[in-house]
Peer 1: 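What follows is a single structure, and I will ask about it in a moment.
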Amino acid sequence: MNHYETVFILNPVLSEDQIKETVKKYEDFLVSKGAKMIAKEDWGLKKLAYPIQNKKSGFYHLFEYTVDGSAIAPLEVEFRRDERFMRYLTVKLDKHAIAWAEKRRTRNKQNA
């Protein structure tokens with residue numbers, strides 16, 4: 001089981017319900033592939049550094065999870081097929097990145 005982090009940007013024209021539905025769909029997809037969700041973060045609507053698909057903003061979300069490496073390719077295929085996704089990035093975390101992510105989670109809990 002490897003430790004991964006996926007950040008994705010959803011289209012800004014989606015409603016709140018559509019965003020929740022999309023996030024839930026992909027969380028369920030990961031769990032069905034045997035993933036253990038560690039953290040989910042909704043970063044909200046943010047301005048993009050450059051336009052993507054003629055959009056200047058997007059809804060950012062982060063998933064942190066552990067799963068077998070064979071589940072990543074099907075996840076990314078689903079991201080490519082879904083027009084609600086503007087961009088995504090999946091990274092395998094090493095021990096230093098895992099420690100940093102844990103610090104970030106505890107810092108976010110204290111600020112909340």
Side-chain angles (χ1 to χ4, degrees):
M1 295 289 261
N2 297 319
H3 204 111
Y4 292 96
E5 199 172 73
T6 299
V7 175
F8 53 90
I9 307 172
L10 295 173
N11 199 317
V13 299
L14 298 174
S15 70
E16 190 71 32
D17 291 337
Q18 289 171 320
I19 292 167
K20 287 179 183 175
E21 173 191 319
T22 304
V23 170
K24 180 76 172 132
K25 174 184 175 185
Y26 287 95
E27 181 183 357
D28 292 344
F29 180 84
L30 280 169
V31 170
S32 74
K33 296 288 184 188
K36 178 179 177 270
M37 297 301 286
I38 296 170
K40 288 186 307 181
E41 294 180 22
D42 175 6
W43 294 347
L45 184 66
K46 296 206 177 277
K47 186 173 187 238
L48 302 173
Y50 56 89
I52 301 172
Q53 301 170 359
N54 294 323
K55 309 281 189 299
K56 294 182 180 179
S57 60
F59 290 102
Y60 280 70
H61 285 271
L62 175 129
F63 285 166
E64 189 180 336
Y65 53 94
T66 58
V67 70
D68 186 50
S70 62
I72 300 302
L75 174 69
E76 291 188 346
V77 166
E78 291 297 318
F79 283 165
R80 278 188 222 111
R81 287 182 180 161
D82 196 336
E83 70 229 9
R84 296 174 285 195
F85 283 83
M86 293 168 51
R87 290 283 190 275
Y88 63 89
L89 178 66
T90 301
V91 226
K92 181 179 173 187
L93 302 179
D94 63 2
K95 64 181 180 181
H96 304 293
I98 292 170
W100 185 86
E102 199 170 305
K103 266 191 230 175
R104 186 190 73 232
R105 279 195 311 272
T106 55
R107 186 177 64 237
N108 287 347
K109 283 181 185 174
Q110 290 172 352
N111 292 341

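Note that the coordinates shown come from a computational prediction; the quantities given were computed from them, not determined experimentally. Start at 1 with the first residue, then count along the sequence.
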Peer 1: What's the separation between atom CZ in R84 and atom CG in L14, rounded to the nearest 0.5 Å?
Peer 2: 7.0 Å
Peer 1: Are Y88 and M86 joined in one hydrophobic group, where the rule is that I, L, V, M, F, W and Y side chains link up if heavy atoms are under 4.5 Å apart?
Peer 2: no
Peer 1: Look at the side-chain heavy atoms of Ile, Leu, Val, Met, Phe, Trp and Tyr, link any pair under 4.5 Å apart, and say whether V31 and V67 land in one connected group.
Peer 2: yes
Peer 1: Evaluate the side-chain contact (heavy atoms from CB on, under 4.5 Å) criterion for residues E83 and N11: first the C-alpha distance (whole Å), next the side-chain angles of each, then the deciding distance (0.1 Å), finally the verdict.
Peer 2: CA-CA 8 Å; E83 70 229 9; N11 199 317; over 6 Å; no
Peer 1: Could you tell me whether K20 and E27 make a salt bridge, using a distance below 4.0 angstrom between a side-chain N and a carboxylate O?
Peer 2: no
Peer 1: Please round to the nearest 0.5 Å and tell me the distance separating atom CG of N2 and atom CG of L93.
Peer 2: 10.0 Å
Peer 1: For residues L75 and L89: do they belong to one hydrophobic cluster (side chain heavy atoms under 4.5 Å, members Ile, Leu, Val, Met, Phe, Trp, Tyr)?
Peer 2: no
Peer 1: Quick one: CG on L10 to NE2 on H61, what's the gap to the nearest 0.5 Å?
Peer 2: 5.0 Å
Peer 1: Ignoring hydrogens and angles, tell me if any N or O in the side chain of D94 forms a donor-acceptor pair with the backbone of A97 under 3.5 Å.
Peer 2: yes
Peer 1: Sort and list the pairs that fulfil ring pair (Phe, Tyr, Trp, His ring centres under 6.0 Å) and have at least one residue in residues 9-30, not counting sequence neighbours.
Peer 2: Y26-F79, Y26-F85
Peer 1: Using modelled atom types and a 3.5 Å cut-off, is there a donor and acceptor pairing between side-chain atoms of Q18 and backbone atoms of S15?
Peer 2: yes
Peer 1: Other residues, nucleotides and ligands only: do more than 12 of their heavy atoms fall within 6.0 Å of CG on N111?
Peer 2: yes
Peer 1: Under a 4.0 Å N-O cut-off, is there an ion pair linking E41 with R104?
Peer 2: yes
Peer 1: Side-chain heavy atoms nearer than 4.5 Å, only ILVMFWY residues, links allowed to pass through others: does that put W43 and Y4 together?
Peer 2: no
Peer 1: Less than 4.0 angstrom from a charged side-chain N to a carboxylate O is my criterion; do K92 and E5 meet it?
Peer 2: no
Peer 1: Tell me if the aromatic rings of F63 and F8 count as close, with their centers under 6.0 Å from one another.
Peer 2: yes
Peer 1: Once rounded to the nearest 0.5 Å, what's the spacing between atom NE2 of H3 and atom OG1 of T66?
Peer 2: 7.0 Å
Peer 1: Side-chain heavy atoms under 4.5 angstrom apart, residues restricted to Ile, Leu, Val, Met, Phe, Trp, Tyr: same cluster for L30 and I19?
Peer 2: yes
Peer 1: Go through E64 and T6 one step at a time and tell me if the side-chain contact (heavy atoms from CB on, under 4.5 Å) criterion holds.
Peer 2: CA-CA 7 Å; E64 189 180 336; T6 299; over 6 Å; no
Peer 1: In Å, rounded to the nearest 0.5 Å, how long is the span from OG of S57 to CG of L48?
Peer 2: 6.0 Å
Peer 1: Is any side-chain N of the basic residue among E21 and K24 closer than 4.0 Å to the acidic one's carboxylate O?
Peer 2: no
Peer 1: Once salt bridge (Lys or Arg N to Asp or Glu O under 4.0 Å) is applied, do any residues pair with R80, and if so which ones, sequence neighbours excluded?
Peer 2: none
Peer 1: Just checking K55: does its NZ atom have more than 12 heavy atoms from other residues, nucleotides or ligands closer to it than 6.0 angstrom?
Peer 2: yes
Peer 1: Which value, rounded to the nearest 0.5 Å, describes the distance between Y65 atom OH and M37 atom CE?
Peer 2: 8.0 Å
Peer 1: How about Q53: does its CD atom have over 12 heavy atoms from other parts shown lying under 6.0 Å from it?
Peer 2: yes
